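Report on one structure; see the data block that follows.
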Amino acid sequence: EPISEIRVHKENMDPDQAATDEKGEFSLKSISGGLFGCPAMSVVVSKEGYATQRVKINNAGHRIIRLKRTPE
C-alpha cells in the first residue's frame with residue numbers, strides 16, 4: 001500500500017528533500033548534471049514507525065521502495 005508523508009532526501013544533502021504524496025510518489029528537483037548526464041543518486045527514505053532505507057535511483061528512474069514497520 002502507498003504511504004504518504006514519507007521523508008525522502010538526497011544522501012548527505014538534507015536541504016534537498018521531498019515527501020511522498022497519497023500515492024506514495026515523490027520527486028526531487030535538484031540534480032547533479034554533467035557533460036554525460038546525471039549519475040544515479042542515493043536517497044534516504046524515512047518515517048517514524050518504519051525502518052530507514054538508503055536507495056540508489058538512476059537518472060530519471062522510477063523505483064518501488066518497500067518499507068518495513070519497526071517493532072513498537
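It should be emphasised that the depicted structure is a prediction, and the values quoted were computed from it without experimental measurement. All residue numbers in this chain count up from 1 along the given sequence.
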Under the side-chain contact (heavy atoms from CB on, under 4.5 Å) test, residues paired with [X] that sit two or more places apart:
X: S4; answer: none
X: K23; answer: D21, E25
X: A19; answer: E5
X: T70; answer: A51

Applying side chain to side chain donor-acceptor pair (under 3.5 Å) to R66 and not counting sequence neighbours gives none
With sequence neighbours left out, the residues meeting side chain to side chain donor-acceptor pair (under 3.5 Å) with R63 are none
According to a 4.5 Å side-chain heavy-atom criterion applied to Ile, Leu, Val, Met, Phe, Trp and Tyr, with indirect links allowed, do F26 and V44 form part of one hydrophobic cluster?
no
Please answer: with hydrophobic residues joined when any side-chain heavy atoms are less than 4.5 Å apart, are I3 and V8 in the same cluster? yes
The salt bridge (charged side-chain N to carboxylate O under 4.0 Å, His left out) partners of R69 (sequence neighbours excluded) come to none
Value for CD1 (I6) from OH (Y50), rounded to nearest 0.5 Å, stands at 6.0 Å
In this structure, CD of Q53 is separated from CD1 of I65 (nearest 0.5 Å) by 7.0 Å
Minimal heavy-atom distance between P2 and G24, with the atoms involved, is CB-N, 3.7 Å
In short, S27 meets A18 closest at the heavy-atom pair O-CB, 3.5 Å
In short, salt bridge (charged side-chain N to carboxylate O under 4.0 Å, His left out) pairs touching residues 49-58 with sequence neighbours left out are E11-R54
